[in-house]
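Here is the structure we will look at.
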Amino acid sequence: MSLLIHNSLSGKKEEFVPLVPGTVSMYVCGITAYDYSHIGHARAYVAFDVIYRYLKYRGYDVTYVRNFTDIDDKIIKRANESGRDTRDLSEEFIQKYHEDMDALGILRPNVEPKATETIGEMIDLISRLFEKGYAYKAGDDVAFSVKKFSGYGKLSGKKIDELESGARVEVDDKKQDPFDFILWKAAKPGEPAWESPWGKGRPGWHIECSAMSGSILGDTIDIHGGGKDLIFPHHENEIAQSEAATGKPFVRYFIHNGFVNIDSEKMSKSTGKFFTVRDIRNQYHPEVIRVFLLSVHYRSPVDFSEKNLRDSGEALNRLYSTKARIFETESNAAENRQGGSAPKEIEDAVSAFTEGFAEAMDDDFNTALALGKLFDLSHLFNRFLDGQKDVPENERVSLVAAWETISGALDVLGILSRDPDTYFSEVKGLRLTDSALDAGDIERLIAERNAARKAKDFARADSIREELTEKGVILEDGPDGTTWKMK
RNA sequence: GGCGGCAUCGCCAAGUGGUAAGGCAAAGGUCUGCAAAACCUUUAUCCCCGGUUCAAAUCCGGGUGCCGCCUCCA
């Protein structure tokens with residue numbers, strides 16, 4: 001069975017064949033570190049996290065690189081506003097980025113290069129472009145001549161002539177062509193600068209990715225990813241620089257993720273419709289955020305809304321409830337019972353899931369479908385478990401081993417790895433922060449209610465239930481007492 | 001103006017030409033002192049109009065609507 005990946009270069013799904021069998025080189029554009037990460041970043045990096053995990057799950061030896069842009073106009077501007085050093089500022093937001101991404105369960109890539117630590121490689125690359133006639137001095141800056149590179153536009157489908165007739169073209173007399181872009185920017189007084197053959201300055205934005213990916217992963221990489229908005233001009237320019245310099249194909253498969261929308265429109269700071277990962281994390285469990293993000297195919301837009309997050313939360317609760325029930329069977333199963341295999345229907349269900357999961361993921365990382373398969377499995381477990389109620393305790397079966405055979409697949413999605421109790425109490429904690437209640441109050445009311453129930457004072461018991469329901473607390477009376485959760 | 005994407009049940013969403021996954025919500029039932037959870041049952045012919053085909057949500061053409069890129073952006 002082969003893995004299909006939608007390649008932006010062709011606009012089609014293609015069979016994935018890495019350059020070197022068994023290994024994958026993957027580069028994903030990281031952030032410019034000058035502000036908190038937003039939910040759009042979360043979407044992109046969760047998407048590529050799952051891609052990374054799945055490639056490993058499939059047995060590839062993956063080298064994953066994701067960079068940090070730690071020097072650029074926005075960083076300088078922001079640093080100046082607060083009278084800070086650009087380095088301090090970028091380091092702070094790199095750290096905050098790591099906190100946010102770690103919380104979302106996003107694995108750290110193998111290498112996270114920073115632009116400021118790759119200046120030498122960038123200068124080398126620009127020098128090669130000069131030698132080959134693609135770079136030229138544009139005033140004090142250095143620019144890349146787009147017209148010299150015949151493949152320009154092959155990713156975005158844009159033609160230089162058509163671009164020029166477009167409405168918004170930046171006027172810059174120093175450039176030979178409006179779409180030429182800056183490789184090296186001359187330093188202005190007070191700006192951070194590095195020595196170069198073209199005078200003191202700093203790199204243009206596009207050159208860093210070419211330099212980092214080339215120096216770490218080689219001239220041709222298997223996968224290059226980023227948000228759809230990077231297709232033009234960023235990735236188009238990267239291709240131009242890298243291929244002009246090496247004469248080799250830069251990227252075999254370009255993967256681009258869709259946006260996070262709010263009210264069906266692209267989230268953006270200017271409209272004020274904007275959410276940071278940090279704010280969202282205070283309200284929703286990180287796994288809920290993952291489920292939300294993974295319930296839509298990575299290339300489609302996903303609409304961020306409270307309702308959608310809540311729905312995802314309910315869905316995850318259901319999955320964790322199943323997991324909890326499965327783990328309870330461990331203690332219910334008689335100790336002297338022969339361990340070993342789960343009932344055939346469960347084994348069949350588990351292997352059907354494993355197959356279905358791989359099929360879904362092989363089809364351009366269809367996480368939404370994969371999630372659907374997981375619900376089917378959960379359904380089957382629950383049905384079996386309900387049947388077990390009629391079985392004498394010493395004959396009940398432990399299903400834990402069967403569940404654990406799917407842990408590899410769950411790890412790819414990055415969900416359901418927590419102990420269910422831990423998960424539910426973490427969720428409770430988040431909801432509680434939002435309300436005026438604390439766990440102690442709730443426990444006290446539950447105790448009071450149970451005393452009333454014992455005394456058959458059901459009126460009193462019901463009024464306590466009602467009181468808690470109004471506050472969003474749901475009680476569940478089980479054989480081992482009463483548990484509660486937040487709605 | 002150029003290029004690209006999308007339109008599937010109340011909401012979210014998958015869907016590889018053969019007759020519509022899944023989640024949320026809702027309704028009825030089992031269970032429960034009452035509930036909750038779980039289980040069982042119920043709910044779509046896929047924006048419109050043409051065409052190709054034995055057969056189309058899936059392919060082609062034409063509409064309509066929404067969105068994105070072309071400017072820093074995941």
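Excluded from the calculations below are hydrogen atoms, water molecules and symmetry mates; all remaining heavy atoms, backbone and side chain alike, are included. As the structure is a computational prediction, the values presented were derived from the model and not from experiment. In what follows, chains carry the letters A, B, and so on, assigned in the order in which the sequence lines appear, proteins first and then strands, with residues in each chain numbered from 1.
- Residues satisfying the side chain to side chain donor-acceptor pair (under 3.5 Å) test with Ser145(A), not counting sequence neighbours, are none.
- Among the protein residues, Gly387(A) comes within range of no part of the nucleic acid, since none of its heavy atoms lies under 4.0 Å from any strand.
- Searching all strands for a Watson-Crick or G-U wobble partner of G4(B) with both distances below 3.5 Å returns C67(B).
- Residues satisfying the side chain to side chain contact (heavy atoms under 4.5 Å, CB included) criterion with Leu430(A), sequence neighbours excluded, are His285(A).
- Residues passing the ring pair (Phe, Tyr, Trp, His ring centres under 6.0 Å) test with Tyr36(A), sequence neighbours excluded: Phe93(A).
- Residue order along RNA chain B, read from the 5' end via each residue's closest nucleotide, puts Val302(A) first among Val302(A) and Leu475(A).
- Residue Arg465(A) places a side-chain atom within donor-acceptor reach of the base of C34(B), judged by atom type and a 3.5 Å distance cut-off alone.
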- Task: Report, as a single string ordered 5' to 3', how protein heavy atoms within less than 4.0 Å touch nucleotides 19-24 of chain B: B base, S sugar-phosphate only, - not at all.
- Result: --BSBS
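- Here Arg66(A) lies out of heavy-atom contact (under 4.0 Å) with every strand.
- Donor-acceptor pairing under 3.5 Å, judged by distance alone, is absent between the side chain of Arg460(A) and the base of G33(B).
- Legend: residues meeting side chain to side chain contact (heavy atoms under 4.5 Å, CB included) with Asp441(A), ordered by chain and number and at least two apart, are Asp438(A), Arg444(A).
- Here Asp363(A) pairs with Lys13(A) in a salt bridge; the nearest charged N to carboxylate O distance falls below 4.0 Å.
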Show every donor-acceptor pair shorter than 3.5 Å between a side-chain atom in residues 104-113 of chain A and any protein atom, with sequence neighbours excluded, or say none if there are none.
{"unit_1": "Arg108(A)", "atom_1": "NE", "unit_2": "Asp102(A)", "atom_2": "OD1", "d": "3.0"}
{"unit_1": "Arg108(A)", "atom_1": "NH2", "unit_2": "Asp102(A)", "atom_2": "OD2", "d": "2.7"}
{"unit_1": "Asn110(A)", "atom_1": "ND2", "unit_2": "Val62(A)", "atom_2": "O", "d": "3.4"}
{"unit_1": "Glu112(A)", "atom_1": "OE1", "unit_2": "His98(A)", "atom_2": "NE2", "d": "2.9"}
{"unit_1": "Glu112(A)", "atom_1": "OE2", "unit_2": "Arg66(A)", "atom_2": "NH2", "d": "3.0"}
{"unit_1": "Glu112(A)", "atom_1": "OE2", "unit_2": "His98(A)", "atom_2": "NE2", "d": "3.1"}

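- Near RNA chain B, defined here as any heavy-atom distance below 4.0 Å, the residues from residues 356-367 of chain A are Asn366(A), listed numerically.
- Taking only distance into account, the side chain of Asp462(A) meets the base of G33(B) through a donor-acceptor pair shorter than 3.5 Å.
- Contacts of Ser305(A) classified as side chain to side chain donor-acceptor pair (under 3.5 Å), with partners at least two apart in sequence or in another chain: Asn308(A).
- Sorted by residue number, the members of residues 40-47 of chain A with any non-hydrogen atom under 4.0 Å from RNA chain B read Gly40(A), His41(A), Ala44(A), Tyr45(A).
- Listed by residue number, the members of residues 8-17 of chain A with any heavy atom below 4.0 angstrom from RNA chain B form an empty set.
- For the pair Glu236(A) (side chain) and Ser156(A) (backbone), a donor-acceptor distance under 3.5 Å is present.
- When the side chain to side chain contact (heavy atoms under 4.5 Å, CB included) test is applied to Glu359(A), the partners found at least two apart in sequence or on another chain are Met1(A).
- Between Lys77(A) and Asp73(A) there is no salt bridge, since no side-chain nitrogen of the basic residue lies less than 4.0 Å from a carboxylate oxygen of the acidic one.
- For Asp477(A) against C34(B), a side-chain-to-base donor-acceptor contact under 3.5 Å is present.
- Applying the salt bridge (charged side-chain N to carboxylate O under 4.0 Å, His left out) test to pairs two or more places apart or on separate chains, those with a residue in residues 458-469 of chain A are Glu448(A)-Arg460(A), Arg465(A)-Asp477(A), Glu467(A)-Lys471(A).
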